Amino acid sequence: PIFWLIRSIMGPLNQALTAADRVAAGDLSSKIQITSNDEAGQVLQALERMQSNLTRIVSNVRNSSESIATASAQIAQGNQDLSSRTEQQA
């Protein structure tokens with residue numbers, strides 16, 4: 001009986017620890033398995049929400065970075081065009 005109790009507590013806690021370690025290591029793609037609604041299940045649900053939100057944030061940052069890179073390239077091209085016209089006029 002006590003072994004079952006320990007296992008029922010430690011299993012979900014180990015699962016939560018494994019999920020948190022994966023997220024901490026930057027792995028936002030792994031699926032978090034939630035099999036209960038007890039306290040351990042609620043911790044896993046919170047980890048799943050955190051992972052989902054981090055995935056969304058990383059995607060937004062990536063998209064913003066791409067937009068900045070595109071705008072920077074356009075500015076650089078504009079500067080090059082202006083420099084060429086200035087040289088031609090001189």
Side-chain angles (χ1 to χ4, degrees):
I2 189 100
F3 175 74
W4 178 86
L5 178 63
I6 292 171
R7 194 170 124 187
S8 70
I9 293 170
M10 293 305 295
L13 288 177
N14 284 332
Q15 185 181 1
L17 177 61
T18 299
D21 280 342
R22 283 194 302 252
V23 170
D27 178 5
L28 301 177
S29 64
S30 61
K31 176 79 174 126
I32 297 175
Q33 298 292 326
I34 302 167
T35 58
S36 69
N37 287 323
D38 59 8
E39 290 81 0
Q42 291 172 8
V43 168
L44 288 168
Q45 289 171 3
L47 286 168
E48 184 179 50
R49 286 191 306 274
M50 179 182 70
Q51 180 182 27
S52 176
N53 288 333
L54 284 170
T55 300
R56 182 180 44 79
I57 290 167
V58 168
S59 177
N60 289 342
V61 168
R62 183 178 295 128
N63 290 338
S64 295
S65 297
E66 290 171 0
S67 295
I68 290 169
T70 300
S72 295
Q74 290 171 348
I75 290 169
Q77 183 61 49
N79 287 341
Q80 183 64 38
D81 293 345
L82 179 60
S83 176
S84 295
R85 286 193 307 270
T86 303
E87 280 182 23
Q88 288 173 358
Q89 289 177 356

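Just so we're clear, the structure is a prediction, and the values are computed from it rather than from any experiment. All residue numbers in this chain count up from 1 along the given sequence.
- Between atom CG of residue Asn60 and atom OG of residue Ser65 there is a gap of 10.5 Å, rounded to the nearest 0.5 Å.
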query = How far apart are the C-alpha atoms of Val58 and Arg62, what are their side-chain angles, what is the distance that settles it, and do they pass the side-chain contact (heavy atoms from CB on, under 4.5 Å) test?
reply = CA-CA 6 Å; Val58 168; Arg62 183 178 295 128; 3.8 Å; yes

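- Residue pairs meeting the side chain to side chain donor-acceptor pair (under 3.5 Å) criterion with at least one partner in residues 80-90, sequence neighbours excluded, are Gln77-Asp81.
- Tracing side-chain contacts under 4.5 Å through hydrophobic residues (I, L, V, M, F, W, Y), one never reaches Val43 starting from Ile9; they form parts of separate clusters.
- Contact record, Lys31 with Arg22: O-NH2, 3.9 Å, taken as the closest heavy-atom pair.
- No path of Ile, Leu, Val, Met, Phe, Trp and Tyr side chains, each step under 4.5 Å between heavy atoms, connects Ile57 with Val23, placing them in separate hydrophobic clusters.
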Got a list of side-chain donor-acceptor pairs under 3.5 Å for residues 12-19, not counting sequence neighbours?
from, atom 1, to, atom 2, distance (Å)
Asn14, ND2, Met10, O, 3.3
Gln15, NE2, Gln33, O, 2.3
Thr18, OG1, Asn14, O, 2.9

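- For the atom pair Thr55 OG1 and Leu28 CG, the distance stands at 4.0 Å (nearest 0.5 Å).
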Quiz: residues 66-76 side-chain donor-acceptor pairs under 3.5 angstrom, not counting sequence neighbours:
from, atom 1, to, atom 2, distance (Å)
Ser67, OG, Asn63, O, 3.2
Thr70, OG1, Glu66, O, 3.0
Ser72, OG, Ile68, O, 2.9

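- The environment of Gln42 atom CD is dense: over 12 non-hydrogen atoms of other residues, nucleotides or ligands sit within 6.0 angstrom.
- Here the closest non-hydrogen pair linking Gln51 and Asp27 is NE2-O, 3.9 Å.
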